[in-house]
Amino acid sequence: MEKTDPRNISIEEYDYPLPDERIAKHPLAQRDACKLLCFKPGSEPEDHVFADLPELLPQGAMLVYNNTRVINARLRFTKDTGANIEIFCLEPDIPADYAQSFASTGQCSWNCLIGNSKKWKEGTLSMPLEVGGCRFDLHAVRTSEPGSPGQTVRFEWNAPSVSFSEIISAAGEIPIPPYLNRRSESTDSTDYQTVYSHIEGSVAAPTAGLHFTPELLGRIDNAGIERREVTLHVGAGTFRPVSAERIGDHDMHSEFIAVDRDFIADLADAIEGGRPVAAVGTTSVRTLESLYHIGTLMAAGMWHGELPQWTPYDNTVPELGTVQALRALVAHLDAAGDSTLLAHTRIIIAPGYRYRIVDAMVTNFHQPASTLLLLVSAFIGPEWRSVYDHALDNGYRFLSYGDACLFSHSL
């Protein structure tokens with residue numbers, strides 16, 4: 001099958017008017033009471049509530065969600081001069097492994113964004129902390145040159161019993177999306193986490209999952225729908241607007257994924273058995289679809305740890321069946337003695353992309369002219385615009401704390 005290359009698409013084609021009053025600044029008190037717009041390409045949108053989801057998912061589906069947990073990534077320091085310096089932790093540098101970095105005691109370094117960086121050209125920043133009855137100072141030392149593309153900060157603290165995870169939990173703020181135009185509030189610490197989050201590492205929530213409650217998950221289990229987890233640590237790049245006119249000129253951000261070998265094998269079995277796969281959120285979609293392309297690269301001996309942005313469209317790797325690619329991935333892990341796939345993905349899913357794994361997706365309403373809207377359009381086609389018009393005309397709330405959609409080819 002000939003592939004369609006999306007690189008010449010104009011991002012203006014995926015713009016739409018979104019009044020500020022339609023952006024939800026806070027979530028509903030009851031998570032699963034939000035609206036749920038259901039749509040199958042070629043049909044009319046249907047209005048439901050999220051609590052209806054167990055009855056709306058395809059029968060026998062495997063429901064896959066992202067178990068990442070948002071960290072308190074925003075640290076605010078005050079210099080002796082009174083200048084406020086904000087350090088936004090993006091991803092670990094030394095040690096580079098997330099779990100090892102969070103478990104670090106004494107010091108670790110992170111790649112960061114630095115707010116008001118012109119006021120911090122040299123010297124050490126400090127803040128007093130108390131964690132578990134232990135009092136100490138947290139120090140921040142800039143280890144990259146001011147003005148360089150990437151900013152690296154080394155954190156140091158003289159409290160051997162205190163981990164970096166405990167430090168950011170005590171000192172940091174949860175980084176809510178910039179388009180909410182407000183500072184983090186105490187309620188965001190709970191509201192901006194899914195009820196099933198448990199693997200630390202994201203600086204943004206996989207927001208489609210915010211609508212689930214423990215009771216709703218129980219009803220999904222009772223409906224005979226299998227629930228499985230993957231991990232994609234959401235980076236700040238998810239909020240980066242597409243500034244290029246052509247999609248081909250947009251540099252897609254890289255994100256870390258971790259997927260159990262046994263899940264990949266079970267996923268292959270499910271697809272081979274004709275079971276539909278439903279993904280919760282664009283992060284789960286991106287993770288699942290990346291698995292297919294990683295498998296093809298492994299089978300071709302071309303895998304180097306990160307899935308390039310344009311691999312799905314470049315015709316440089318022989319195509320495989322979906323099950324074949326997943327089994328190649330499992331075989332590669334087995335040969336290496338690895339129980340988990342650890343990788344980075346830069347994949348961009350845009351109109352012209354051929355979905356290999358995902359049959360249905362639960363997602364929120366996304367920003368105009370964003371890569372997430374491109375992903376949705378790649379799934380439901382040009383009808384995305386009528387779907388969004390329906391949502392705007394019928395009082396749906398948009399973006400991270402807003403309402404949800406269920407898109408499926410088998411509703």
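Note that these values count all heavy atoms, side chains included, but never hydrogens, waters or copies made by symmetry. FYI, the numbering just counts along the sequence from 1.
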To check you understand the geometry: which heavy-atom pair defines the closest contact between [X] and [Y], and what is its length?
X      : Y      : answer
Pro276 : Gly60  : CD-O, 4.2 Å
Lys35  : Asn394 : NZ-O, 2.6 Å
Ala279 : Val285 : CB-CG2, 3.7 Å
Glu255 : Val234 : OE2-CA, 3.5 Å

Inset, instruction - Can you measure from OG1 (Thr105) to CD (Glu166) and round to the nearest 0.5 angstrom? - result: 10.0 Å

Inset, instruction - Give, for atom OG of Ser202 and atom OH of Tyr98, the distance between the pair rounded to the nearest 0.5 Å. - result: 7.5 Å

Give a yes or no answer on whether the side chain of [X] reaches the backbone of [Y] with a donor-acceptor pair at less than 3.5 Å.
X      : Y      : value
Thr190 : Thr187 : no
Asp15  : Pro368 : no
Asp5   : Arg7   : yes
Glu245 : Ser10  : no
Arg74  : Glu86  : no
Glu289 : Val358 : yes
Arg219 : Pro54  : no
Gln193 : Val70  : yes
Arg397 : His26  : yes
Ser284 : Asn66  : yes

What do you reckon, are the aromatic ring centroids of [X] and [Y] less than 6.0 Å apart?
X      : Y      : result
Tyr388 : His366 : no
Phe77  : Trp120 : no
Phe398 : Tyr396 : no
Phe212 : Phe50  : yes

Between the side chains of [X] and [Y], does any donor sit under 3.5 Å from an acceptor?
X      : Y      : value
Arg227 : Tyr65  : yes
Asp93  : Thr152 : no
Tyr192 : Ser400 : no
Gln30  : Asp32  : yes

Legend entry - Neighbour count >12 (heavy atoms, 6.0 Å) for atom CG, Asn222: yes

I'd like to know if [X] and [Y] make a salt bridge, using a cut-off of under 4.0 Å between side-chain N and carboxylate O.
X      : Y      : result
Glu200 : Arg69  : no
Lys25  : Glu185 : no
Asp269 : Arg327 : yes

Inset, instruction - Determine the sole option in Leu113, Ile114, Thr143 for which the side chain to side chain contact (heavy atoms under 4.5 Å, CB included) test with Gln151 is passed. - result: Ile114

Inset, instruction - Would you please test His233 and Phe102 for ring pair (Phe, Tyr, Trp, His ring centres under 6.0 Å) and show each step? - result: CA-CA 14 Å; His233 289 324; Phe102 290 128; 7.7 Å; no

Legend entry - Pairing residues for Asn67 by the side chain to side chain donor-acceptor pair (under 3.5 Å) criterion, not counting sequence neighbours: Glu229, Thr231

With a 4.5 Å cut-off on side-chain heavy atoms, are [Y] and [X] touching?
X      : Y      : result
Arg356 : Leu291 : no
Ile11  : Leu374 : yes
Asp47  : His390 : yes
Ile348 : Tyr313 : yes

